[in-house]
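Notes for the one structure printed next.
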Protein chains: 2
Amino acid sequence: MTHPLDATFAALADPTRRAILSMLLEDDMAVTDVAAPFNMSLAAISKHLQVLADAGLISQEKRGRVKWCKLEPDALRAASVWMQGFGQFEPVNLDAFERFLALELPDTES
Amino acid sequence: MTHPLDATFAALADPTRRAILSMLLEDDMAVTDVAAPFNMSLAAISKHLQVLADAGLISQEKRGRVKWCKLEPDALRAASVWMQGFGQFEPVNLDAFERFLALELPDTES
DNA sequence: TCAATCGTCAACCAGATGGTTGAATAAGCC
DNA sequence: GGCTTATTCAACCATCTGGTTGACGATTGA
């Protein structure tokens with residue numbers, strides 16, 4: 001009925017949820033740890049995570065009493081592809097980003 | 001207060017609004033002509049166009065009694081590029097990425 | 001001048017959203 | 001077993017959203 005992009009974009013429209021995605025980009029996290037930086041109840045974060053999971057942007061796996069949250073970039077990629085097809089935007093220039101990083105962070109070579 | 005991506009993604013979350021953007025990709029259109037294919041009142045379409053304009057995705061210019069709607073792809077491009085931070089990269093320094101984008105997209109408001 | 005057209009405004013409505021609190025479920029620890 | 005931790009559930013609330021209808025101001029054209 002409703003297009004999957006509806007859920008993807010709606011999920012991305014909330015800054016708390018985008019922040020959660022940023023955190024999960026670093027590493028998988030438990031619900032409680034996701035909630036820690038936010039000035040908001042655990043239940044609220046739990047709901048946000050449900051929205052992200054329903055949109056396919058994350059997956060959740062329960063091990064023991066801890067529920068682990070993991071980024072699922074495919075849904076994001078679908079939305080990204082939609083937008084690029086839409087405006088025939090060229091993808092961001094990753095080489096330029098790497099040069100930017102090299103300029104900005106001369107010490108932290110990986 | 002609220003991040004401009006909030007408005008962009010919220011605007012994109014509605015299928016009617018995405019359809020309107022597709023139509024405007026072909027050509028600029030008057031409000032009445034935008035509304036024609038939809039099974040929905042003119043007032044509803046007018047509100048959708050306002051949402052798109054508030055998000056910076058379109059601009060509207062009134063000439064005579066006709067208001068012309070024009071696609072403004074910059075906001076879309078900003079969102080597209082933001083998503084590539086998740087969709088294409090392995091773990092990445094998002095703060096650095098956003099600073100990089102600020103340089104690449106100087107027009108897309110704070 | 002006067003009617004038709006273009007678009008918005010205002011009021012209203014149902015349902016979704018984002019948050020709270022407190023109780024409940026489930027798993028681990030001593 | 002009984003406390004503690006992890007997470008969700010349920011009820012509730014205020015606000016936002018997406019739609020309607022009808023009235024309205026502005027512009028056009030006969």
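Every chain is numbered from 1 and lettered A, B, ... according to where its sequence line falls, protein lines coming before strand lines.
Here the side chain of B:Arg17 is nearest to one of D:dT8, D:dG18, D:dT21, namely D:dG18.
Taking the side chain as every heavy atom from C-beta outward, B:Ile58 and B:Ile20 never approach each other to under 4.5 Å. Looking at heavy atoms from C-beta onward, B:Met83 lies out of side-chain contact with A:Arg77 at the 4.5 angstrom threshold. Side-chain contact between A:Glu61 and A:Lys67: absent, with no pair of heavy atoms (C-beta onward) separated by less than 4.5 Å. Using a 4.5 Å heavy-atom cutoff, the side chains of A:Gln60 and A:Lys62 are not in contact. Under the 4.5 Å side-chain criterion, counting only non-hydrogen atoms from C-beta, B:Arg63 is in contact with B:Trp68.
A:Asp6 places its CG atom 14 Å from the C1' atom of D:dT17, with the value rounded to the nearest Å. Distance A:Ile45 CD1 to D:dT8 P: 11 Å, rounded to the nearest Å. Distance, A:His48 NE2 to D:dT8 C1': 15 Å, rounded to whole Å.
Of the residues near DNA chain C, B:Lys47 and B:Val31, the one whose nearest nucleotide (by heavy atom distance) lies more toward the 5' end is B:Val31. Where A:Ala10 and B:Leu49 each meet DNA chain C at their nearest nucleotide, the meeting point lying more 5' is that of B:Leu49.
Residue B:Val66 is not grouped with residue B:Leu52 when hydrophobic side chains (ILVMFWY) are merged at heavy-atom distances under 4.5 angstrom, including chains of intermediate members. In terms of hydrophobic clustering, with Ile, Leu, Val, Met, Phe, Trp and Tyr side chains grouped at heavy-atom distances under 4.5 Å, A:Val51 and A:Leu57 are assigned to different clusters.
Across all strands shown, A:Ser41 has heavy atoms under 4.0 Å from base atoms, whether or not it also approaches the sugar-phosphate. Residue B:Ala30 is classed as a sugar-phosphate contact, given heavy-atom separations below 4.0 Å to backbone atoms only.
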Show me, pair by pair, the donor-acceptor contacts under 3.5 angstrom made by side chains of residues 24-49 of chain B, not counting sequence neighbours?
residue : atom : partner : partner atom : Å
B:Ser41 : OG   : B:Ala44 : N            : 3.1
B:His48 : ND1  : B:Arg17 : NH1          : 3.1

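For DNA chain C, the residues of residues 50-71 of chain B within the heavy-atom distance limit of 4.0 Å (strictly under) are B:Arg65, B:Val66, B:Lys67, sorted by number.
Note: A:Trp82 and A:Phe9 have perpendicular aromatic rings, judged against thresholds of 30 and 60 degrees for the angle between ring planes.
Nucleotides of DNA chain C lying under 4.0 Å from heavy atoms of chain A occupy a range whose first and last members, 5' to 3', are C:dG18 to C:dG28.
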